[in-house]
Visitor: 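Attaching a single structure in structure tokens format; questions to follow.
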Amino acid sequence: MVMANRIIILLDMDYFFAQVEERESPQFKGKPVVVGADPKEGKGRGVVSTANYEARKYGIHSALPISKAWQLCPEAVFLPPNFELYSRVSENIMNIIRGVVQSHRLVHETILEQVSLDEAYIEINPKSETRNSKQTWEKAEKLAQEMRKEIFRKEKLKCSCGVGPNKMIAKIACEAAKPNGVKVVTEEEAEKFVESLDIEKMPGIGKKTAAILHESNFRTVGDLKKLSEHDLEDLFGKRGSEMYLHVRGIDHAAVETEREAKSIGKEVTFETDTRDPELLIRTFESLAKQVAREVAEQGLVFRTITVVCRFSGFETHTKDKTLKKSSSSEAVLRQEAIKLFLRFLTENQKPIRLLGVRAKIAPKSNM
DNA sequence: ATTGAAGTACACG
DNA sequence: CTAACGCGTGTACTTCAAT
């Protein structure tokens, strides 16, 4: 039906948080900038959100522990994330994208999936007679360039675009295009394009999966073609069958215009691991309160409550409870969550590093 | 056999 | 001295009990 011969663009801002900070404070340009947790003279417990390219020269990157980043480059500019600012900028960018796409009349209806503050997929559904023609790919590339140009003109921010026949190819092409570029990979080029990549570049293959595959000397995406669909399914289940298609340049995932929240949660890491009952209970009530408020704000209800507890040594466990009837009550959330939490306290003696509360959203109907 | 609940593992930005 | 390691969210899997 509408699936055949799509063209999909992934637009991704370059080092988004750090780039916004550079724009707001031009004196940082040319210096290493690290946006993330407070480094606290090397004692901080958080991680890096985004590092600009100068900081990356020191080996600093997203998700790196901030203490390590401090070791690598203590003279870097360390900044806390300003999510309010990034959210405003993000809204502007999404609006620019919508504007450009609509003015291009390659599409009747704008199919845009916002993946995060700084990333969006745009699906082009050309008229059937022009589908998959060379000109259509060229138009898609022009569209990508124009979105980038408008974002730079209006927001003074750089981004990159990947253009491909599906989301996976668009995503990988975008990585190849960075920084500040566009890369087009057509349907015919897709399989060859992924073949020489290291397997961990493939979306869905993270550290653990890569490690398993490396054990058997599978290094590149091309290597994985030696495995049958059956082999991959035995090894990795449902993800395995997807992998079988991915390594051949195929991905059927749809561009989803809107997704609704399935769960809402809050968690915090303590400055130092603790068993202080006052602190634990206080933290806990505050988390439950925040979660309940957010659920209520969005006019939702929950039925399953999950408590997360991370102990010294990073050992992490969850407990959950599903209620007979769904609820939106803060008191219910707090009480059920505390019951679950007390079981942790008796089962495990170790100091606690992190606490979290999560509410699984239930259908809002018959309560 | 199927469904629901509890708990774990892994991935991603 | 290969450890440092947030937060929010989603999907898939396993195990066990009840239907």
Side-chain angles (χ1 to χ4, degrees), chain A residues 10 12-18 35-40 42-51 59-72 80-81 83 86 90 113-121 167-168 171 174-175 199-213 233-243 246 253 256 259-271 273 287 290-291 294 303-310 312-324 336 340 343-344 347 353-362:
Chain A
L10 176 64
D12 189 15
M13 302 305 293
D14 297 338
Y15 62 103
F16 183 49
F17 296 177
V35 177
D38 185 344
K40 299 189 175 154
K43 303 276 176 267
R45 302 244 251 167
V47 299
V48 173
S49 288
T50 318
I60 299 173
H61 55 82
S62 295
L64 187 78
I66 201 76
S67 54
K68 183 65 185 174
W70 176 268
Q71 257 176 258
L72 291 169
F83 283 103
Y86 312 146
S90 175
E113 176 180 344
Q114 185 174 347
V115 183
S116 64
L117 282 182
D118 80 320
E119 224 183 309
Y121 288 98
K167 289 169 94 173
M168 176 203 60
K171 172 86 185 165
C174 185
E175 284 312 302
I199 51 177
E200 44 269 278
K201 305 287 175 202
M202 188 87 3
I205 302 187
K207 275 198 66 163
K208 301 286 183 173
T209 309
I212 292 167
L213 290 165
E233 201 169 338
D234 275 0
L235 276 167
F236 302 114
K238 204 177 157 173
R239 290 168 48 234
S241 358
E242 206 167 61
M243 220 184 281
H246 278 181
E256 308 263 16
R259 296 165 311 192
E260 52 214 43
K262 298 191 174 168
S263 72
I264 293 173
K266 292 277 171 226
E267 56 184 57
V268 292
T269 296
F270 297 108
E271 298 223 351
D273 300 354
L287 290 170
Q290 294 177 68
V291 171
E294 245 204 76
R303 203 161 77 85
T304 302
I305 296 138
T306 306
V307 167
V308 189
C309 199
R310 175 172 297 148
S312 284
F314 232 70
E315 184 192 341
T316 307
H317 295 280
T318 63
K319 291 195 186 296
D320 51 50
K321 164 89 175 171
T322 301
L323 307 172
K324 293 255 162 56
E336 293 298 336
L340 293 167
R343 287 170 53 205
F344 274 127
E347 281 173 22
R353 180 187 181 96
L354 167 148
L355 279 184
V357 176
R358 178 161 296 276
K360 188 167 187 220
I361 304 307

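Within every chain, numbering begins at 1; the chains are lettered A, B, ... in the order of the sequence lines, protein sequences first and strands thereafter. Just so you know, these numbers come straight off a predicted model, no measurement behind them.
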Visitor: Contact class for A:Lys171 vs. all strands (heavy atom < 4.0 Å): base, sugar-phosphate, or nothing?
Guide: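 Sugar-phosphate contact only - A:Lys171 comes under 4.0 Å of backbone atoms but never of a base.
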Visitor: Would you find a donor on one side and an acceptor on the other, under 3.5 Å apart, between the side chain of A:Ser62 and the backbone of A:Ser49?
Guide: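 Looks like yes, one N/O pair under 3.5 Å.
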Visitor: By salt bridge (Lys or Arg N to Asp or Glu O under 4.0 Å), which residues pair with A:Lys68, not counting sequence neighbours?
Guide: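 With sequence neighbours excluded, A:Lys68 shows a salt bridge (Lys or Arg N to Asp or Glu O under 4.0 Å) to no residue whatsoever.
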Visitor: Under 4.0 angstrom, heavy atoms only, what part of the nucleic acid is A:Glu119 near: base, sugar-phosphate, or nothing?
Guide: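 Sugar-phosphate only.
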Visitor: Report the residues that fulfil salt bridge (Lys or Arg N to Asp or Glu O under 4.0 Å) with A:Glu260, sequence neighbours left out, ordered by chain and then residue number.
Guide: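 Residues passing salt bridge (Lys or Arg N to Asp or Glu O under 4.0 Å) with A:Glu260: none at all.
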Visitor: Would you say that more than 12 heavy atoms from the other residues, nucleotides or ligands in this model lie under 6.0 Å from the CD of A:Glu271, or not?
Guide: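 Incorrect, the count does not exceed 12.
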Visitor: Mind checking side-chain contact (heavy atoms from CB on, under 4.5 Å) for A:Val47 and listing every partner two or more places apart, or none if nothing turns up?
Guide: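 Result, side-chain contact (heavy atoms from CB on, under 4.5 Å) vs A:Val47: none returned.
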Visitor: Can you name the residues that form a side chain to side chain donor-acceptor pair (under 3.5 Å) with A:Ser241, not counting sequence neighbours?
Guide: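 Partners of A:Ser241 under the side chain to side chain donor-acceptor pair (under 3.5 Å) test: none.
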Visitor: If the condition is ring pair (Phe, Tyr, Trp, His ring centres under 6.0 Å), which residues does A:Phe16 pass it with, not counting sequence neighbours?
Guide: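 Applying ring pair (Phe, Tyr, Trp, His ring centres under 6.0 Å) to A:Phe16 gives none.
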Visitor: Of all nucleotides in DNA chain C that come within under 4.0 Å of a heavy atom of chain A, which is furthest toward the 5' end and which toward the 3' end?
Guide: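 Both ends considered, the range comes out as C:dA3 to C:dC13.
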Visitor: Please compare A:Val268 and A:Glu260 by the position of their nearest nucleotide in DNA chain C and report the one closer to 5'.
Guide: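 Nearest nucleotide further toward 5': that of A:Val268.
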Visitor: First contact, last contact: which nucleotides of DNA chain B are these for chain A, 5' to 3', heavy-atom distance under 4.0 Å?
Guide: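 Contacts span B:dA5 to B:dG13, reading 5' to 3'.
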Visitor: Within the 4.0 Å heavy-atom criterion, would you say A:Arg358 contacts the bases, only the backbone, or no part of the nucleic acid?
Guide: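 Base contact.
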Visitor: Indicate, with a heavy-atom threshold strictly under 4.0 Å, whether A:Ile205 touches base, sugar-phosphate, or nothing.
Guide: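 Touches sugar-phosphate only.
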Visitor: Note down the inter-axis angle between the two ends of the helix from B:dA1-C:dT19 to B:dG13-C:dC7, five pairs each, to the nearest 10°.
Guide: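 The end-segment axes of the helix from B:dA1-C:dT19 to B:dG13-C:dC7 are tilted 10° relative to each other.
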Visitor: Contact class for A:Val115 vs. all strands (heavy atom < 4.0 Å): base, sugar-phosphate, or nothing?
Guide: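 No contact.
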Visitor: Run the salt bridge (Lys or Arg N to Asp or Glu O under 4.0 Å) test against A:Glu256 and tell me which residues pass, sequence neighbours left out.
Guide: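 By the salt bridge (Lys or Arg N to Asp or Glu O under 4.0 Å) rule, A:Glu256 matches no residue at all.
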Visitor: Pick the nucleotide of DNA chain C nearest each of A:Phe236 and A:Gln71; which residue has the one closer to the 5' end?
Guide: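 Comparing both residues, the 5'-ward one is A:Gln71.
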Visitor: With A:Thr269, which residues qualify under side chain to side chain donor-acceptor pair (under 3.5 Å), at least two apart?
Guide: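 Applying side chain to side chain donor-acceptor pair (under 3.5 Å) to A:Thr269 gives none.
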Visitor: With heavy atoms under 4.0 Å as the rule, sort A:Thr209 into base, sugar-phosphate or nothing.
Guide: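 Since only primed, P, OP1 and OP2 atoms lie under 4.0 Å of A:Thr209, the category is sugar-phosphate.
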Visitor: Using the test salt bridge (Lys or Arg N to Asp or Glu O under 4.0 Å), find all partners of A:Glu267 that sit at least two apart in sequence or belong to another chain.
Guide: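 A:Glu267 satisfies salt bridge (Lys or Arg N to Asp or Glu O under 4.0 Å) with no residue once adjacent residues are dropped.
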Visitor: Which residues pass the side chain to side chain donor-acceptor pair (under 3.5 Å) test with A:Ser263, not counting sequence neighbours?
Guide: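 In terms of side chain to side chain donor-acceptor pair (under 3.5 Å), with neighbours along the sequence ignored, A:Ser263 is linked to A:Arg358.
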Visitor: Could you tell me whether A:Leu64 contacts a base, only the sugar-phosphate backbone, or nothing, with contacts defined as non-hydrogen atoms closer than 4.0 Å?
Guide: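 No contact at all - A:Leu64 keeps every heavy atom at 4.0 Å or more from the nucleic acid.
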Visitor: If I pick the C1' atom on C:dC5 and the same atom on B:dC12, what distance separates them, to the nearest angstrom?
Guide: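 Each nucleotide's C1' atom is 16 Å from the other's.
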Visitor: Could you check whether A:Lys208 gets within reach of a base, just the sugar-phosphate, or nothing at all, counting any heavy atom under 4.0 Å?
Guide: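 Answer is sugar-phosphate: A:Lys208 comes under 4.0 Å of backbone atoms only.
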